[in-house]
There are 2 protein chains.
Amino acid sequence: MTGDEQLDAAFSALAHPTRRAILARLAKGTATVNELAEPFDATLPAISKHIRVLEAAGLVTRGKDAQFRPCALDAKPLEAVSNWTDQYRFIWEARFDAMDRILNGMKETPDE
Amino acid sequence: MTGDEQLDAAFSALAHPTRRAILARLAKGTATVNELAEPFDATLPAISKHIRVLEAAGLVTRGKDAQFRPCALDAKPLEAVSNWTDQYRFIWEARFDAMDRILNGMKETPDE
DNA sequence: TGATTAATTAACTAAATGGTATAATATGTC
DNA sequence: GACATATTATACCATTTAGTTAATTAATCA
């Protein structure tokens, strides 16, 4: 998988609120599929699919314990997401700097 | 739009490599739709649709200059993405810390 | 063995996505 | 007004996504 494809997979996995909620749950520790499904209205197969999407993006790993499939968070791909986003940090921060100057009645380009 | 919906829109807008490339181009300054389309194989309507997706996510704003629609980057939603991702930073960093300890032959839990 | 529990697979549906080709709209120019 | 350029709108197609219900696989338990 290329870097682009990893980002594609990570971003589209993160684009669904249920999947982000699953990650939030897993940040507190591993959980079985049933435990992950419990807070949601969706059926078990639906959650199973969500987990598979997260797994394909490398965000979740699944173990095997008797008939249980304990899921664990792997936050590594989020580092790539964070690095990508950070490329633009100076832009949104610049925007705030500009707004600060406006709010403070300063000139946008100080000339003295 | 709720915070969840904003994240949904941002993450799914960012999930396509063409759209990320468009943002990268806009980071260097505004551009017309034709200019944005130039590096890609896709047809103009396809690029137009991508821009609309970015616009819906609040990542791009469009102006009006004669028959041109100059596009500009608005990185603000990326701050929300960054903040969301940062919740998990301690996890992926902990992973590296653990790996560092292993690579350096240190104990995982120092006891002296 | 038979029943129960955990999870996945299969088959299906509705809607969204990403793309195309072609037509339409709007603006500037000759 | 006629023409060229920039962009969007329409209509269409193929694929993917998100969900369902019902059936199936695995493992435990009684």
Side-chain angles (χ1 to χ4, degrees), chain A residues 1-2 4-26 29-73, chain B residues 1-2 4-26 29-73:
Chain A
M1 209 167 22
T2 74
D4 244 34
E5 286 167 340
Q6 287 178 324
L7 281 177
D8 291 356
F11 277 125
S12 69
L14 298 175
H16 198 292
T18 298
R19 289 195 290 260
R20 291 197 303 277
I22 289 173
L23 293 183
R25 166 62 189 80
L26 289 177
T30 64
T32 67
V33 177
N34 268 291
E35 285 167 348
L36 290 173
E38 193 274 324
F40 303 103
D41 283 341
T43 59
L44 211 53
I47 302 298
S48 204
K49 283 187 182 184
H50 281 307
I51 295 172
R52 177 178 304 185
V53 172
L54 292 167
E55 204 178 11
L59 287 159
V60 162
T61 56
R62 254 188 285 210
K64 196 170 189 175
D65 175 17
Q67 70 265 61
F68 305 89
R69 296 296 132 81
C71 299
L73 174 61
Chain B
M1 204 165 31
T2 74
D4 242 35
E5 286 167 342
Q6 287 177 328
L7 281 176
D8 290 357
F11 278 125
S12 70
L14 297 175
H16 198 292
T18 298
R19 290 194 290 260
R20 292 197 303 277
I22 289 173
L23 294 183
R25 165 64 188 80
L26 289 177
T30 65
T32 67
V33 178
N34 268 294
E35 286 166 347
L36 290 174
E38 194 274 323
F40 302 104
D41 283 342
T43 59
L44 212 54
I47 302 298
S48 202
K49 282 188 181 182
H50 281 306
I51 294 171
R52 175 177 304 183
V53 172
L54 291 166
E55 204 178 10
L59 287 158
V60 161
T61 57
R62 253 188 286 210
K64 196 171 189 175
D65 174 17
Q67 70 265 61
F68 305 89
R69 296 297 132 81
C71 299
L73 174 62

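Every chain is numbered from 1 and lettered A, B, ... according to where its sequence line falls, protein lines coming before strand lines.
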TODO: Hey, which sits more toward the 5' end of DNA chain D by its nearest nucleotide, A42(A) or D65(A)?
DONE: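 Counting from the 5' end, the first nearest nucleotide belongs to A42(A).
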Atom-to-atom span, [atom1] of [X] to [atom2] of [N] - whole angstrom:
X      : N       : atom1 : atom2 : answer
L44(B) : dT20(C) : CG    : C1'   : 13 Å
K64(A) : dT8(C)  : NZ    : C1'   : 12 Å
R62(A) : dA7(C)  : CZ    : P     : 10 Å
K49(A) : dC12(C) : NZ    : P     : 13 Å
F40(B) : dG19(C) : CZ    : P     : 10 Å
H16(B) : dA16(C) : NE2   : P     : 18 Å
D8(B)  : dA16(C) : CG    : P     : 14 Å
D41(A) : dT21(D) : CG    : P     : 12 Å

TODO: Measure across F40(A) and I22(A) and return the closest heavy-atom pair with its distance rounded to 0.1 Å.
DONE: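 Between these two residues, the closest heavy atoms are CE1-CG1, 4.1 Å.
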Task: Heavy-atom pair of closest approach, residues L26(A) and A72(A) - done: CD1-C, 4.2 Å
Let's see if you can work this out: which of [options] has an atom nearest to the side-chain heavy atoms of [X]?
X      : options                  : result
A46(A) : dA7(C), dT20(D), dT8(D)  : dT20(D)
Q67(B) : dG19(D), dA6(C), dA26(C) : dA26(C)
R52(B) : dA9(D), dT28(D), dG18(C) : dA9(D)
P45(B) : dT7(D), dT22(C), dG18(C) : dT22(C)

According to a strict under-4.0 Å criterion, is [X] in side-chain N/O contact with OP1 or OP2 of [N]?
X      : N       : value
S48(A) : dT8(C)  : yes
T43(B) : dA21(C) : no
R69(B) : dT27(C) : no
N34(A) : dA7(C)  : yes
H50(A) : dG19(D) : yes

Sugar-phosphate only, base, or nothing, as touched by [X] at under 4.0 Å among non-hydrogen atoms:
X      : value
A66(B) : sugar-phosphate
T18(B) : nothing
S12(B) : nothing

TODO: Indicate yes or no: at least one non-hydrogen side-chain atom of L59(B) is less than 4.5 angstrom from one of L14(B).
DONE: yes
Open item on the list: Walk me through whether L23(A) and V60(A) qualify under side-chain contact (heavy atoms from CB on, under 4.5 Å).
Closed with: CA-CA 8 Å; L23(A) 293 183; V60(A) 162; 3.9 Å; yes
- [ ] Would you sort out whether D8(B) and M1(B) count as a side-chain contact (heavy atoms from CB on, under 4.5 Å), showing the intermediate values?
- [x] CA-CA 10 Å; D8(B) 290 357; M1(B) 204 165 31; over 6 Å; no
Task: Derivation of the side-chain contact (heavy atoms from CB on, under 4.5 Å) call for T18(B) and I47(B) - done: CA-CA 8 Å; T18(B) 298; I47(B) 302 298; 4.2 Å; yes
